[in-house]
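We name chains A, B, ... by the order of the sequence lines, and we start the count at 1 in each one.
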Protein chains: 2
Amino acid sequence: MKRIADSTVRRLSIYLRFLEEFEGRGLATVSSDELARRGGTTSAQVRKDLSFFGSFGKRGLGYSVPELATALREILGLGREWRVVIVGAGKIGAALAQYRGFKQRGFTIVAAYDTNPDKVGGRLDGIEIRDIARLERDVAADHPDIAVLAIPAEGAQAVLDRLVYAGIKAVLNFAPMSLHAPSDVTVKTVNMAMELEGLSFALTNRE
Amino acid sequence: MKRIADSTVRRLSIYLRFLEEFEGRGLATVSSDELARRGGTTSAQVRKDLSFFGSFGKRGLGYSVPELATALREILGLGREWRVVIVGAGKIGAALAQYRGFKQRGFTIVAAYDTNPDKVGGRLDGIEIRDIARLERDVAADHPDIAVLAIPAEGAQAVLDRLVYAGIKAVLNFAPMSLHAPSDVTVKTVNMAMELEGLSFALTNRE
DNA sequence: ACTAGCTTGTGAAGGAATTCACAAGCCCCG
DNA sequence: CGGGGCTTGTGAATTCCTTCACAAGCTAGT
């Protein structure tokens, strides 16, 4: 399969969000222009993005909302349940465990891990907090698909290495640092410090 | 000033993180190659990124760690204090209020806002929670630089409009939706649902 | 059945970001 | 003080992404 740009995938996600809104409102069709306006892009971009995966529209009419939504869910792999483990039961980990968006989109949190013995054995919004020493054994047994790293920067690379070794292929990293993994492992980093500095830069360098 | 790509600014942020680590360890100099290896990029990329702002290195030797760190902090506008308001005192808002990274980098949270009367008047890690009705008046009086949106998707655009009208020029958005603002207002969106779907896509479409 | 009016899908053009590749410059050593 | 070994800074080449522009195709109205 042709290599798909990251930016394309992110936009597909955005389109899907609007399609779901339209589905809820019972709209039958939508044009690339309408999707573009909502998503802050251009109609050509929308059509190009979709064209990588097939042709979903009807000329002169636009796209069927439910059909395109289904197609996008298929493309994004949202047709199945993904099993997620959260590593780190601190503030971020706790906020994530409670986040409704996971379940809503088919991401099931199967366990949380922490080093702190006071936390181990407890629960986070119903999710069991386990000793991180069990990480490898549990991953081997449960085969989760995705790991969320919600731990301080210092330990992040070491835990990532353990996850990779245990066979995890997708990681969402909240630790404020860049991580290294083999090319068959996808790591996405959400780094708030970086975003804030981007804002600081924008405020500082406006002409 | 020449337009600087977003990706460049994000990388500067990453380089600064490593420089601070090196500063802590007392290292005197660093090469573009070393920064590249750590940051997951190439040495040419590092040098090109820096070249937009000046020339900071010594041929044959590399970059002085403290000098380059100072230069990057200057470029990123981190030499001053930025005043931040958090809108939304829910789970995400609460997690953000406690996040040490803000203060550490010169971002001071001056207030939080919420609609819920049970929360208004309370405190979030020492930060006063105010009625969102006061938003415009407070912004006019306090002149915060940055607003963090930690509210559900539905109300996000309306609150953003109010913030823009009140004069805010930089927004960090945690609501899972794309927002529209005038071009002189910088909006950065952190969207976890999108990142998760990116992982789902990567897991689904591996060749 | 034909025409007018839209909207898609897509090659080609254009623009932006990354990588290449090498001259210029610095340091150290003999 | 001159040469060898590095490393920067930067035009040129390349690769990647976005935008343009238009033929093809669908619908509705007559």
Side-chain angles (χ1 to χ4, degrees), chain A residues 1-15 18-19 22 27-72 75 178 183 194 198 201, chain B residues 1-15 18-19 22 27-69 71-72 75 178 183 198 201-202 205:
Chain A
M1 180 189 224
K2 198 169 167 303
R3 159 122 181 70
I4 301 296
D6 222 68
S7 48
T8 294
V9 179
R10 299 174 71 85
R11 281 190 301 266
L12 293 181
S13 227
I14 296 177
Y15 305 153
F18 291 123
L19 287 166
F22 295 156
L27 296 181
T29 63
V30 66
S31 67
S32 58
D33 196 55
E34 176 69 12
L35 279 174
R37 203 141 7 88
R38 300 292 196 112
T41 178
T42 66
S43 65
Q45 183 72 78
V46 172
R47 297 199 299 276
K48 181 67 82 181
D49 286 340
L50 296 176
S51 77
F52 293 127
F53 302 96
S55 104
F56 306 100
K58 278 209 174 60
R59 289 162 197 240
L61 192 61
Y63 302 89
S64 150
V65 169
E67 276 174 32
L68 187 56
T70 301
L72 287 184
I75 291 165
S178 11
S183 65
M194 193 184 287
F201 177 83
Chain B
M1 181 188 223
K2 198 169 168 303
R3 159 120 182 74
I4 301 297
D6 222 69
S7 49
T8 295
V9 178
R10 300 174 71 84
R11 282 191 300 267
L12 293 181
S13 228
I14 296 176
Y15 305 153
F18 291 123
L19 287 166
F22 294 156
L27 296 180
T29 63
V30 66
S31 68
S32 59
D33 196 55
E34 176 69 13
L35 279 175
R37 203 142 4 90
R38 300 291 198 110
T41 178
T42 66
S43 64
Q45 183 73 79
V46 172
R47 297 198 299 276
K48 181 68 81 180
D49 286 340
L50 296 175
S51 77
F52 292 128
F53 302 96
S55 106
F56 305 100
K58 278 209 175 61
R59 289 162 197 241
L61 192 60
Y63 301 90
S64 151
V65 169
E67 275 175 33
L68 187 55
L72 286 184
I75 291 166
S178 10
S183 65
F201 177 83
N205 306 63

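Taking atom CG of A:Leu50 as the reference point, atom P of C:dT7 lies 16 Å away to the nearest angstrom. Protein atom OH of A:Tyr63 is 18 Å distant from nucleotide atom P of C:dC6, rounded to whole Å. Across the protein-nucleic acid pair, A:Leu68 atom CG and C:dT8 atom C1' stand 12 Å apart, rounded to whole Å. One atom, CZ of A:Arg47, and another, P of C:dG11, lie 14 Å apart when rounded to the nearest Å. With rounding to whole Å, A:Asp33 atom CG is found 15 Å from C:dG9 atom C1'. Here C:dC6 presents its P atom at 16 Å from CD of A:Glu34, a figure rounded to the nearest Å.
Rounded to the nearest 0.5 angstrom, A:Ser7 OG and A:Gln45 CD are separated by 7.0 Å. A distance of 8.5 Å separates OG1 in A:Thr41 from CD1 in A:Ile14, rounded to the nearest 0.5 Å.
Under 4.0 angstrom from either OP1 or OP2 of D:dT8 there lies at least one side-chain N or O belonging to B:Ser32.
Checking D:dC20, C:dT7, D:dT7 against the side-chain heavy atoms of A:Ser31 singles out C:dT7 as nearest.
Between B:Asn205 and A:Ile75 the shortest heavy-atom distance is OD1-O, 3.4 Å. Across A:Phe56 and A:Leu50, no two heavy atoms sit closer than the pair CE1-O, 3.5 Å. B:Arg38 approaches B:Phe18 most closely through the heavy-atom pair O-CZ, 3.3 Å. Contact record, A:Thr8 with A:Asp49: OG1-OD1, 3.4 Å, taken as the closest heavy-atom pair.
The residue among A:Ala44 and B:Gly62 whose nearest nucleotide of DNA chain D lies closer to the 5′ end is B:Gly62.
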Extract from the structure each pairing of a protein N or O with an N or O of nucleotides 23-25 of chain C at less than 3.5 Å, listing the distance.
from   : atom 1 : to      : atom 2 : distance (Å)
C:dA24 : N3     : B:Arg59 : NH1    : 2.9
C:dG25 : N2     : B:Gly60 : N      : 3.2

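Annotation: side chain of A:Leu12 is not in contact with side chain of A:Ile4 (no heavy-atom distance under 4.5 Å).
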Exercise for review: Evaluate side chain to side chain donor-acceptor pair (under 3.5 Å) for B:Arg47 paired with B:Ser43, printing each intermediate quantity in order.
Suggested key: CA-CA 6 Å; B:Arg47 297 198 299 276; B:Ser43 64; 3.3 Å; yes

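Residue pairs meeting the side chain to side chain donor-acceptor pair (under 3.5 Å) criterion with at least one partner in residues 53-71 of chain A, sequence neighbours excluded, do not occur; the list is empty.
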Check your understanding: What string of B, S and - do you get for nucleotides 12-18 of chain C 5' to 3' if you count protein non-hydrogen atoms under 4.0 Å?
Key -> B----SS

